[in-house]
Amino acid sequence: MGIAMKKTLDIFFPAAALAAVISALAAVFLYAPVERTMGLVQKIFYFHLGSAAAAFLAFTVVLVSSVFYLVSRSPRWDTVALAAAETGVLFCTLVLITGPLWARPVWGKWWVWDPRLTTTLILWFLYVGYMVIREALPGPRGALAAGVFGILAYVDVPIVYFSIRWWRGIHPVVIRGGNVGLDAGMIPPLIISLAAFVLLLAALTRERYNIGNLELRIQQLEVSSKEDTP
Amino acid sequence: MRAALAITRKDLLLEMRGREVVVILFVFAFLVLTLFSLSASPGSEALSEMAPGILWITFLFAGVLGLGRNFDRERENDCFQGLLLAPCDPTQIYWGKCLSTLIFMLVFQALLWPLFSILYGFSPLRGGHIVWTAFLLGDIGFVALGVLLSAIAIHIRSREIVLPLLLFPLCLPVLLGGVQCTASAMAGGGFREVAGWLGRLAAFDVIFISLGSILFPFVVEE
(Lines give C-alpha, C1' and ligand atoms only; values in the text may rest on other atoms or scores of the structure.)
Protein backbone atom coordinates (compact mmCIF):
# COMPACT_ATOMS: atom_id res chain seq x y z
CA MET A 1 0.00 0.00 0.00
CA GLY A 2 1.39 3.41 -0.96
CA ILE A 3 2.05 6.03 1.68
CA ALA A 4 -0.46 8.43 0.13
CA MET A 5 -3.14 5.72 0.22
CA LYS A 6 -2.31 4.93 3.87
CA LYS A 7 -2.51 8.62 4.80
CA THR A 8 -5.92 8.89 3.13
CA LEU A 9 -7.20 5.85 5.03
CA ASP A 10 -5.76 7.22 8.28
CA ILE A 11 -8.09 10.19 7.85
CA PHE A 12 -10.97 8.31 6.23
CA PHE A 13 -11.64 5.77 9.02
CA PRO A 14 -11.85 8.16 12.00
CA ALA A 15 -13.81 10.70 9.94
CA ALA A 16 -16.30 8.09 8.75
CA ALA A 17 -16.68 6.72 12.28
CA LEU A 18 -17.27 10.20 13.67
CA ALA A 19 -19.86 11.03 11.02
CA ALA A 20 -21.62 7.69 11.56
CA VAL A 21 -21.71 8.10 15.34
CA ILE A 22 -23.20 11.61 15.02
CA SER A 23 -25.84 10.39 12.56
CA ALA A 24 -26.63 7.43 14.83
CA LEU A 25 -27.12 9.76 17.80
CA ALA A 26 -29.36 12.00 15.72
CA ALA A 27 -31.36 9.04 14.39
CA VAL A 28 -31.80 7.46 17.82
CA PHE A 29 -32.74 10.61 19.71
CA LEU A 30 -34.50 12.71 17.06
CA TYR A 31 -36.04 10.20 14.66
CA ALA A 32 -36.72 6.94 16.50
CA PRO A 33 -40.11 6.74 18.24
CA VAL A 34 -40.23 6.51 22.03
CA GLU A 35 -41.15 3.00 23.14
CA ARG A 36 -44.60 2.85 24.73
CA THR A 37 -43.95 0.89 27.94
CA MET A 38 -40.20 1.24 28.42
CA GLY A 39 -39.96 4.89 27.48
CA LEU A 40 -36.65 6.63 26.90
CA VAL A 41 -34.62 3.86 28.48
CA GLN A 42 -35.31 1.68 25.44
CA LYS A 43 -32.88 3.88 23.49
CA ILE A 44 -29.98 2.14 25.23
CA PHE A 45 -30.89 -0.83 23.07
CA TYR A 46 -29.42 0.80 19.92
CA PHE A 47 -26.02 1.21 21.59
CA HIS A 48 -26.22 -2.14 23.38
CA LEU A 49 -26.85 -4.07 20.19
CA GLY A 50 -24.26 -2.00 18.32
CA SER A 51 -21.59 -2.76 20.92
CA ALA A 52 -22.51 -6.45 20.92
CA ALA A 53 -22.21 -6.65 17.14
CA ALA A 54 -18.86 -4.83 17.24
CA ALA A 55 -17.52 -7.08 20.02
CA PHE A 56 -18.60 -10.24 18.21
CA LEU A 57 -17.05 -9.02 14.97
CA ALA A 58 -13.81 -8.12 16.77
CA PHE A 59 -13.52 -11.56 18.38
CA THR A 60 -14.12 -13.19 15.01
CA VAL A 61 -11.26 -11.09 13.64
CA VAL A 62 -9.12 -12.35 16.56
CA LEU A 63 -9.94 -15.95 15.61
CA VAL A 64 -9.22 -15.51 11.90
CA SER A 65 -5.98 -13.58 12.41
CA SER A 66 -4.85 -16.07 15.10
CA VAL A 67 -5.27 -18.92 12.63
CA PHE A 68 -3.46 -16.94 9.93
CA TYR A 69 -0.68 -16.10 12.37
CA LEU A 70 -0.14 -19.71 13.45
CA VAL A 71 -0.07 -20.81 9.82
CA SER A 72 1.95 -17.96 8.26
CA ARG A 73 3.93 -16.65 11.30
CA SER A 74 3.65 -13.17 9.87
CA PRO A 75 3.84 -10.63 12.78
CA ARG A 76 1.24 -8.54 10.96
CA TRP A 77 -1.49 -11.09 11.70
CA ASP A 78 -0.43 -11.17 15.29
CA THR A 79 -0.71 -7.38 15.50
CA VAL A 80 -4.18 -7.54 13.94
CA ALA A 81 -5.24 -10.15 16.53
CA LEU A 82 -3.94 -8.04 19.40
CA ALA A 83 -5.63 -4.88 18.13
CA ALA A 84 -8.97 -6.64 17.58
CA ALA A 85 -8.84 -8.33 20.99
CA GLU A 86 -8.36 -5.01 22.75
CA THR A 87 -11.17 -3.24 20.91
CA GLY A 88 -13.33 -6.34 21.35
CA VAL A 89 -12.88 -6.22 25.12
CA LEU A 90 -13.75 -2.51 25.03
CA PHE A 91 -17.05 -3.14 23.22
CA CYS A 92 -17.80 -6.22 25.31
CA THR A 93 -17.39 -4.04 28.40
CA LEU A 94 -19.85 -1.56 26.89
CA VAL A 95 -22.34 -4.40 26.34
CA LEU A 96 -22.00 -5.43 29.98
CA ILE A 97 -22.49 -1.83 31.18
CA THR A 98 -25.41 -0.85 28.92
CA GLY A 99 -27.22 -4.15 29.56
CA PRO A 100 -27.76 -3.72 33.33
CA LEU A 101 -28.57 -0.01 32.83
CA TRP A 102 -31.48 -1.11 30.65
CA ALA A 103 -32.38 -4.17 32.71
CA ARG A 104 -32.76 -2.37 36.03
CA PRO A 105 -35.84 -0.30 35.06
CA VAL A 106 -37.28 -2.89 32.65
CA TRP A 107 -36.71 -6.25 34.41
CA GLY A 108 -36.36 -4.73 37.89
CA LYS A 109 -32.94 -6.37 38.27
CA TRP A 110 -29.47 -5.31 37.29
CA TRP A 111 -28.46 -8.82 36.42
CA VAL A 112 -30.03 -12.26 35.85
CA TRP A 113 -28.17 -15.50 35.15
CA ASP A 114 -29.76 -15.97 31.76
CA PRO A 115 -27.64 -17.92 29.20
CA ARG A 116 -27.04 -14.90 27.01
CA LEU A 117 -25.91 -12.67 29.88
CA THR A 118 -23.78 -15.33 31.49
CA THR A 119 -22.11 -16.20 28.20
CA THR A 120 -21.30 -12.53 27.55
CA LEU A 121 -19.69 -12.28 30.96
CA ILE A 122 -17.63 -15.43 30.36
CA LEU A 123 -16.71 -14.06 26.93
CA TRP A 124 -15.39 -10.93 28.63
CA PHE A 125 -13.36 -13.01 31.11
CA LEU A 126 -11.88 -15.07 28.27
CA TYR A 127 -10.63 -12.08 26.30
CA VAL A 128 -9.39 -10.31 29.41
CA GLY A 129 -7.39 -13.54 29.90
CA TYR A 130 -6.18 -13.18 26.31
CA MET A 131 -4.89 -9.70 27.13
CA VAL A 132 -3.24 -11.01 30.29
CA ILE A 133 -1.27 -13.49 28.16
CA ARG A 134 -0.18 -10.66 25.86
CA GLU A 135 0.90 -8.59 28.82
CA ALA A 136 2.73 -11.41 30.62
CA LEU A 137 4.49 -12.97 27.62
CA PRO A 138 6.11 -10.48 25.26
CA GLY A 139 7.70 -11.50 21.97
CA PRO A 140 7.06 -14.46 19.67
CA ARG A 141 6.34 -16.84 22.53
CA GLY A 142 3.46 -14.64 23.70
CA ALA A 143 2.26 -14.30 20.13
CA LEU A 144 2.07 -18.09 19.73
CA ALA A 145 0.38 -18.55 23.12
CA ALA A 146 -2.11 -15.79 22.36
CA GLY A 147 -2.80 -17.29 18.93
CA VAL A 148 -3.62 -20.62 20.56
CA PHE A 149 -5.78 -18.98 23.21
CA GLY A 150 -7.56 -16.82 20.61
CA ILE A 151 -8.72 -20.00 18.86
CA LEU A 152 -9.54 -21.84 22.07
CA ALA A 153 -11.62 -18.99 23.49
CA TYR A 154 -13.68 -18.57 20.32
CA VAL A 155 -14.46 -22.29 20.07
CA ASP A 156 -15.38 -22.37 23.75
CA VAL A 157 -17.98 -19.59 23.62
CA PRO A 158 -20.77 -21.54 21.84
CA ILE A 159 -20.06 -24.53 24.11
CA VAL A 160 -20.46 -22.28 27.15
CA TYR A 161 -23.68 -20.83 25.75
CA PHE A 162 -25.29 -24.21 25.10
CA SER A 163 -24.14 -25.75 28.37
CA ILE A 164 -25.73 -22.87 30.28
CA ARG A 165 -28.92 -23.27 28.24
CA TRP A 166 -29.07 -27.00 29.02
CA TRP A 167 -28.27 -26.23 32.62
CA ARG A 168 -31.03 -23.66 32.87
CA GLY A 169 -33.37 -26.00 30.98
CA ILE A 170 -33.83 -27.87 34.27
CA HIS A 171 -35.21 -24.76 35.97
CA PRO A 172 -37.94 -22.46 34.70
CA VAL A 173 -36.56 -19.70 32.52
CA VAL A 174 -37.47 -16.40 34.16
CA ILE A 175 -36.88 -14.08 31.28
CA ARG A 176 -36.62 -14.90 27.65
CA GLY A 177 -34.44 -12.21 26.11
CA GLY A 178 -34.75 -11.03 22.52
CA ASN A 179 -37.99 -11.49 20.63
CA VAL A 180 -38.99 -7.91 21.34
CA GLY A 181 -40.95 -6.81 18.31
CA LEU A 182 -39.55 -3.63 16.82
CA ASP A 183 -41.60 -0.71 15.56
CA ALA A 184 -40.91 0.05 11.89
CA GLY A 185 -39.57 3.48 12.90
CA MET A 186 -36.92 1.86 15.06
CA ILE A 187 -35.32 -0.13 12.27
CA PRO A 188 -33.48 2.67 10.40
CA PRO A 189 -31.90 4.08 13.60
CA LEU A 190 -30.89 0.54 14.55
CA ILE A 191 -29.20 -0.04 11.20
CA ILE A 192 -27.44 3.33 11.39
CA SER A 193 -26.17 2.69 14.91
CA LEU A 194 -25.00 -0.82 13.97
CA ALA A 195 -23.08 0.71 11.05
CA ALA A 196 -21.69 3.40 13.37
CA PHE A 197 -20.39 0.85 15.86
CA VAL A 198 -18.83 -1.29 13.14
CA LEU A 199 -17.10 1.78 11.69
CA LEU A 200 -15.97 2.85 15.14
CA LEU A 201 -14.58 -0.63 15.70
CA ALA A 202 -12.77 -0.50 12.36
CA ALA A 203 -11.29 2.93 13.11
CA LEU A 204 -10.13 2.02 16.62
CA THR A 205 -8.74 -1.36 15.58
CA ARG A 206 -6.88 0.22 12.69
CA GLU A 207 -5.44 2.87 14.99
CA ARG A 208 -4.36 0.16 17.46
CA TYR A 209 -2.91 -1.89 14.63
CA ASN A 210 -0.78 1.08 13.52
CA ILE A 211 0.46 1.55 17.08
CA GLY A 212 1.27 -2.18 17.26
CA ASN A 213 3.30 -1.91 14.05
CA LEU A 214 5.20 1.08 15.46
CA GLU A 215 5.97 -0.92 18.60
CA LEU A 216 7.33 -3.75 16.46
CA ARG A 217 9.43 -1.26 14.51
CA ILE A 218 10.88 0.18 17.74
CA GLN A 219 11.78 -3.31 18.93
CA GLN A 220 13.52 -4.05 15.63
CA LEU A 221 15.46 -0.77 15.83
CA GLU A 222 16.51 -1.51 19.40
CA VAL A 223 17.75 -4.95 18.42
CA SER A 224 19.66 -3.65 15.40
CA SER A 225 21.19 -0.74 17.34
CA LYS A 226 22.45 -3.19 19.97
CA GLU A 227 24.00 -5.28 17.24
CA ASP A 228 25.69 -2.21 15.74
CA THR A 229 27.33 -0.99 18.93
CA PRO A 230 30.61 -2.88 19.53
CA MET B 1 2.01 -43.65 22.12
CA ARG B 2 4.98 -45.27 23.86
CA ALA B 3 6.59 -41.87 24.51
CA ALA B 4 3.36 -40.60 26.09
CA LEU B 5 3.18 -43.61 28.39
CA ALA B 6 6.83 -43.16 29.34
CA ILE B 7 6.08 -39.57 30.42
CA THR B 8 3.07 -40.71 32.41
CA ARG B 9 5.19 -43.40 34.04
CA LYS B 10 7.88 -40.85 34.92
CA ASP B 11 5.29 -38.54 36.55
CA LEU B 12 3.71 -41.38 38.50
CA LEU B 13 7.10 -42.62 39.67
CA LEU B 14 8.04 -39.13 40.85
CA GLU B 15 4.74 -38.93 42.67
CA MET B 16 5.18 -42.35 44.33
CA ARG B 17 8.63 -41.31 45.58
CA GLY B 18 7.79 -37.77 46.65
CA ARG B 19 4.02 -37.79 47.26
CA GLU B 20 3.95 -34.08 46.58
CA VAL B 21 0.82 -33.64 44.53
CA VAL B 22 -1.96 -36.01 45.58
CA VAL B 23 -1.52 -35.80 49.35
CA ILE B 24 -1.30 -32.01 49.44
CA LEU B 25 -4.26 -31.72 47.07
CA PHE B 26 -6.25 -34.00 49.31
CA VAL B 27 -5.50 -32.02 52.48
CA PHE B 28 -6.16 -28.74 50.70
CA ALA B 29 -9.49 -29.98 49.30
CA PHE B 30 -10.48 -31.34 52.71
CA LEU B 31 -9.87 -27.87 54.14
CA VAL B 32 -11.91 -26.22 51.38
CA LEU B 33 -14.83 -28.59 52.02
CA THR B 34 -14.62 -27.82 55.73
CA LEU B 35 -14.60 -24.08 55.11
CA PHE B 36 -17.61 -24.37 52.82
CA SER B 37 -19.60 -26.32 55.40
CA LEU B 38 -18.75 -23.73 58.05
CA SER B 39 -19.78 -20.88 55.77
CA ALA B 40 -23.42 -22.05 55.78
CA SER B 41 -25.52 -21.28 58.83
CA PRO B 42 -25.86 -24.33 61.13
CA GLY B 43 -28.72 -26.67 60.39
CA SER B 44 -29.54 -25.01 57.09
CA GLU B 45 -30.67 -27.11 54.15
CA ALA B 46 -28.75 -24.90 51.74
CA LEU B 47 -25.56 -26.87 52.22
CA SER B 48 -26.85 -30.23 51.04
CA GLU B 49 -28.45 -28.53 48.05
CA MET B 50 -25.15 -26.84 47.21
CA ALA B 51 -23.05 -29.95 47.91
CA PRO B 52 -22.45 -31.08 44.28
CA GLY B 53 -21.47 -27.54 43.28
CA ILE B 54 -19.15 -27.20 46.28
CA LEU B 55 -17.55 -30.53 45.42
CA TRP B 56 -16.85 -29.52 41.83
CA ILE B 57 -15.52 -26.10 42.76
CA THR B 58 -13.20 -27.88 45.19
CA PHE B 59 -12.08 -30.13 42.30
CA LEU B 60 -11.34 -27.06 40.18
CA PHE B 61 -9.32 -25.33 42.92
CA ALA B 62 -7.40 -28.45 43.80
CA GLY B 63 -6.99 -29.40 40.14
CA VAL B 64 -5.45 -26.10 39.19
CA LEU B 65 -3.00 -26.39 42.09
CA GLY B 66 -2.13 -29.93 41.05
CA LEU B 67 -1.50 -28.82 37.48
CA GLY B 68 0.73 -26.05 38.74
CA ARG B 69 2.73 -28.47 40.87
CA ASN B 70 2.97 -31.05 38.09
CA PHE B 71 4.44 -28.39 35.76
CA ASP B 72 6.63 -26.76 38.40
CA ARG B 73 8.53 -30.01 38.56
CA GLU B 74 9.23 -29.65 34.85
CA ARG B 75 10.51 -26.12 35.38
CA GLU B 76 13.08 -27.20 37.93
CA ASN B 77 16.44 -27.75 36.23
CA ASP B 78 14.77 -26.96 32.90
CA CYS B 79 13.30 -30.45 32.69
CA PHE B 80 10.66 -29.24 30.25
CA GLN B 81 13.36 -28.26 27.75
CA GLY B 82 14.70 -31.76 28.06
CA LEU B 83 11.29 -33.24 27.43
CA LEU B 84 10.85 -31.08 24.35
CA LEU B 85 14.21 -32.25 23.01
CA ALA B 86 13.04 -35.85 23.17
CA PRO B 87 12.78 -37.32 19.68
CA CYS B 88 9.01 -37.62 19.69
CA ASP B 89 5.99 -35.70 18.51
CA PRO B 90 5.07 -32.90 21.00
CA THR B 91 1.54 -34.31 21.00
CA GLN B 92 2.96 -37.33 22.83
CA ILE B 93 4.14 -35.04 25.61
CA TYR B 94 0.66 -33.54 25.76
CA TRP B 95 -1.02 -36.94 26.06
CA GLY B 96 1.50 -38.17 28.59
CA LYS B 97 0.99 -35.13 30.79
CA CYS B 98 -2.80 -35.37 30.39
CA LEU B 99 -2.80 -39.01 31.44
CA SER B 100 -0.63 -38.45 34.51
CA THR B 101 -2.71 -35.44 35.64
CA LEU B 102 -5.89 -37.45 35.05
CA ILE B 103 -4.61 -40.26 37.26
CA PHE B 104 -3.67 -37.75 39.99
CA MET B 105 -7.15 -36.27 39.83
CA LEU B 106 -8.88 -39.65 40.07
CA VAL B 107 -6.75 -40.86 42.98
CA PHE B 108 -7.32 -37.59 44.79
CA GLN B 109 -11.08 -37.83 44.17
CA ALA B 110 -11.14 -41.40 45.43
CA LEU B 111 -9.59 -40.16 48.68
CA LEU B 112 -11.85 -37.12 48.93
CA TRP B 113 -15.20 -38.73 48.14
CA PRO B 114 -15.63 -40.70 51.41
CA LEU B 115 -14.70 -37.61 53.45
CA PHE B 116 -17.09 -35.49 51.45
CA SER B 117 -19.90 -37.96 52.08
CA ILE B 118 -19.23 -37.92 55.82
CA LEU B 119 -19.03 -34.13 56.04
CA TYR B 120 -22.17 -33.59 53.97
CA GLY B 121 -24.10 -36.46 55.51
CA PHE B 122 -24.81 -39.21 53.00
CA SER B 123 -23.60 -42.69 52.20
CA PRO B 124 -20.38 -42.86 50.15
CA LEU B 125 -22.01 -45.55 48.02
CA ARG B 126 -24.79 -43.20 46.92
CA GLY B 127 -24.75 -42.44 43.22
CA GLY B 128 -22.37 -45.34 42.62
CA HIS B 129 -20.89 -45.70 39.19
CA ILE B 130 -22.74 -42.67 37.76
CA VAL B 131 -20.81 -40.33 40.03
CA TRP B 132 -17.54 -41.91 38.99
CA THR B 133 -18.41 -41.77 35.30
CA ALA B 134 -19.12 -38.07 35.79
CA PHE B 135 -15.82 -37.58 37.62
CA LEU B 136 -13.91 -39.36 34.87
CA LEU B 137 -15.58 -37.47 32.01
CA GLY B 138 -15.31 -34.14 33.82
CA ASP B 139 -11.66 -34.72 34.67
CA ILE B 140 -10.78 -35.55 31.07
CA GLY B 141 -12.12 -32.20 29.85
CA PHE B 142 -10.51 -30.32 32.70
CA VAL B 143 -7.16 -32.00 32.17
CA ALA B 144 -7.25 -31.55 28.38
CA LEU B 145 -7.62 -27.79 28.79
CA GLY B 146 -5.48 -27.59 31.91
CA VAL B 147 -2.38 -29.22 30.43
CA LEU B 148 -2.54 -27.05 27.32
CA LEU B 149 -2.84 -23.86 29.37
CA SER B 150 -0.19 -24.98 31.87
CA ALA B 151 2.25 -25.25 28.99
CA ILE B 152 1.45 -21.60 28.21
CA ALA B 153 1.60 -20.54 31.85
CA ILE B 154 4.93 -22.25 32.50
CA HIS B 155 6.75 -19.22 31.07
CA ILE B 156 4.68 -16.62 32.94
CA ARG B 157 6.10 -15.30 36.18
CA SER B 158 2.75 -14.95 37.99
CA ARG B 159 1.54 -18.30 36.66
CA GLU B 160 -0.29 -19.27 39.88
CA ILE B 161 -2.74 -16.44 39.23
CA VAL B 162 -2.81 -16.53 35.45
CA LEU B 163 -3.52 -20.25 35.08
CA PRO B 164 -6.88 -20.24 36.93
CA LEU B 165 -7.78 -16.97 35.22
CA LEU B 166 -7.41 -18.65 31.82
CA LEU B 167 -8.62 -22.10 32.78
CA PHE B 168 -11.79 -21.52 34.85
CA PRO B 169 -13.82 -19.60 32.24
CA LEU B 170 -12.83 -22.13 29.55
CA CYS B 171 -13.83 -25.15 31.59
CA LEU B 172 -17.17 -23.79 32.75
CA PRO B 173 -19.07 -26.32 30.56
CA VAL B 174 -17.22 -29.17 32.28
CA LEU B 175 -18.12 -27.73 35.69
CA LEU B 176 -21.80 -27.42 34.79
CA GLY B 177 -21.95 -30.96 33.39
CA GLY B 178 -20.13 -32.43 36.35
CA VAL B 179 -22.36 -30.70 38.88
CA GLN B 180 -25.50 -31.70 37.03
CA CYS B 181 -24.54 -35.40 36.86
CA THR B 182 -23.35 -35.53 40.46
CA ALA B 183 -26.47 -33.79 41.76
CA SER B 184 -28.75 -36.11 39.84
CA ALA B 185 -26.86 -39.24 40.94
CA MET B 186 -26.82 -38.14 44.58
CA ALA B 187 -30.57 -37.54 44.44
CA GLY B 188 -30.95 -41.18 43.43
CA GLY B 189 -31.41 -40.58 39.71
CA GLY B 190 -30.67 -43.48 37.40
CA PHE B 191 -28.47 -43.66 34.35
CA ARG B 192 -31.28 -42.51 32.07
CA GLU B 193 -31.66 -39.14 33.81
CA VAL B 194 -28.01 -38.22 33.39
CA ALA B 195 -27.41 -39.83 30.00
CA GLY B 196 -27.86 -36.46 28.26
CA TRP B 197 -25.28 -34.70 30.38
CA LEU B 198 -22.84 -37.63 30.30
CA GLY B 199 -23.08 -37.53 26.50
CA ARG B 200 -22.43 -33.79 26.48
CA LEU B 201 -19.47 -34.17 28.83
CA ALA B 202 -18.05 -36.85 26.51
CA ALA B 203 -18.57 -34.50 23.55
CA PHE B 204 -16.76 -31.65 25.38
CA ASP B 205 -13.92 -34.08 26.11
CA VAL B 206 -13.58 -34.99 22.44
CA ILE B 207 -13.56 -31.31 21.42
CA PHE B 208 -11.07 -30.23 24.08
CA ILE B 209 -8.69 -33.16 23.53
CA SER B 210 -8.70 -32.60 19.77
CA LEU B 211 -8.08 -28.86 20.21
CA GLY B 212 -5.35 -29.59 22.74
CA SER B 213 -3.62 -32.11 20.47
CA ILE B 214 -3.71 -29.70 17.54
CA LEU B 215 -2.66 -26.59 19.45
CA PHE B 216 -0.12 -28.00 21.94
CA PRO B 217 2.77 -28.18 19.42
CA PHE B 218 2.39 -24.42 18.79
CA VAL B 219 2.58 -23.65 22.49
CA VAL B 220 5.83 -25.51 23.11
CA GLU B 221 7.53 -24.34 19.95
CA GLU B 222 10.80 -22.49 20.54
Side-chain angles (χ1 to χ4, degrees), chain A residues 63 66-73 77-78 81 89 92 113 115 118-171, chain B residues 53 94 138 141 144-146 148-181 183-184 187 189 193-194 196-197 199-201 203-208 210-212 214-222:
Chain A
L63 170 81
S66 295
V67 172
F68 282 165
Y69 175 71
L70 291 184
V71 173
S72 75
R73 298 306 159 88
W77 284 115
D78 179 51
V89 169
C92 194
W113 293 102
T118 316
T119 309
T120 313
L121 187 59
I122 297 293
L123 185 69
W124 185 84
F125 275 119
L126 285 172
Y127 284 90
V128 167
Y130 179 94
M131 280 164 59
V132 169
I133 296 183
R134 311 276 349 195
E135 201 61 39
L137 284 178
R141 176 171 276 153
L144 282 172
V148 165
F149 196 77
I151 296 169
L152 207 57
Y154 198 88
V155 176
D156 199 53
V157 169
I159 302 177
V160 167
Y161 177 74
F162 282 109
S163 59
I164 298 169
R165 260 188 54 177
W166 290 319
W167 167 265
R168 289 284 138 180
I170 306 291
H171 304 287
Chain B
Y94 175 69
L145 288 170
L148 180 63
L149 294 175
S150 297
I152 291 178
I154 199 168
H155 303 293
I156 298 178
R157 212 177 316 142
S158 49
R159 67 191 92 75
E160 309 84 354
I161 314 167
V162 174
L163 180 59
L165 195 73
L166 302 178
L167 179 57
F168 288 169
L170 276 178
C171 66
L172 183 76
V174 174
L175 175 81
L176 294 182
V179 173
Q180 198 68 250
C181 293
S184 166
E193 272 110 278
V194 290
W197 269 108
R200 283 164 206 156
L201 274 177
F204 300 158
D205 292 350
V206 171
I207 295 172
F208 291 147
S210 325
L211 274 174
I214 296 166
L215 295 174
F216 188 81
F218 291 105
V219 170
V220 294
E221 200 175 285
E222 284 303 307

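Sequence lines set the chain letters: A, B, ... in the order given, protein chains first and strands last, and positions in each chain run from 1. The figures here come from the full heavy-atom set of this structure, side chains too, leaving out hydrogens, waters and symmetry mates. Bear in mind that the values here come from a model prediction, so they are computed numbers and not experimental data.
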What part of Val128(A) lies closer than 4.5 angstrom to a heavy atom of chain B: side chain, backbone, both or neither? neither

What distance separates Leu166(B) CG from Phe149(A) CZ, expressed to the nearest 0.5 Å? 4.5 Å

Given that the side chain runs from C-beta out, which part of Leu148(B) has a heavy atom under 4.5 Å from chain A: side chain, backbone, both or neither? side chain

So, taking the atom named CZ in Phe204(B) and the one named CG in Leu172(B), what distance separates them when rounded to the nearest 0.5 Å? 9.5 Å

Do Ile156(B) and Leu163(B) come within less than 4.5 Å of each other through their side chains, counting heavy atoms only? no

Under 4.5 Å, heavy atom to heavy atom: which of residues 138-147 of chain A reach chain B? Give them by number, or say none. Arg141(A), Leu144(A), Ala145(A)

Suppose the criterion is salt bridge (charged side-chain N to carboxylate O under 4.0 Å, His left out): which pairs have a residue in residues 154-173 of chain B, not counting sequence neighbours? Asp72(B)-Arg159(B)

Which residue is it: Cys171(B), Pro169(B), Pro164(B)? I am looking for the one with a side chain to side chain contact (heavy atoms under 4.5 Å, CB included) to Leu167(B). Cys171(B)

Quick note, salt bridge (charged side-chain N to carboxylate O under 4.0 Å, His left out) partners involving residues 119-128 of chain A, not counting sequence neighbours, are none

List the residues meeting salt bridge (charged side-chain N to carboxylate O under 4.0 Å, His left out) with Asp156(A), not counting sequence neighbours, and say none if there are none. none

Heavy-atom distances under 4.5 Å only: say whether Leu70(A) touches chain B with side chain, backbone, both or neither. both

Per-residue tally against chain B (heavy atom, under 4.5 Å) across Ile122(A), Val132(A), Ile159(A) peaks at Ile159(A)

Contact origin within Ile151(A) toward chain B - heavy atom pairs under 4.5 Å: side chain

Donor-acceptor under 3.5 Å (Tyr161(A) side chain, Thr120(A) main chain): no

Please classify the contact of Phe216(B) with chain A as side chain, backbone, both or neither, using a heavy-atom distance under 4.5 Å. neither

Between Leu165(B), Leu170(B), Val174(B), Leu211(B), which shows the greatest number of heavy-atom pairs under 4.5 Å with chain A? Leu170(B)

Is the shortest heavy-atom distance from the side chain of Leu175(B) to the side chain of Phe168(B) under 4.5 Å? no

Under a 4.5 Å heavy-atom cut-off, does chain A meet the side chain of Leu176(B), its backbone, both or neither? both

May I have the step-by-step check of side chain to side chain contact (heavy atoms under 4.5 Å, CB included) for Trp197(B) and Ser184(B), ending in yes or no? CA-CA 10 Å; Trp197(B) 269 108; Ser184(B) 166; over 6 Å; no

Select, from Val160(A), Val157(A), Leu152(A), the one with the greatest count of heavy-atom pairs under 4.5 Å involving chain B. Leu152(A)

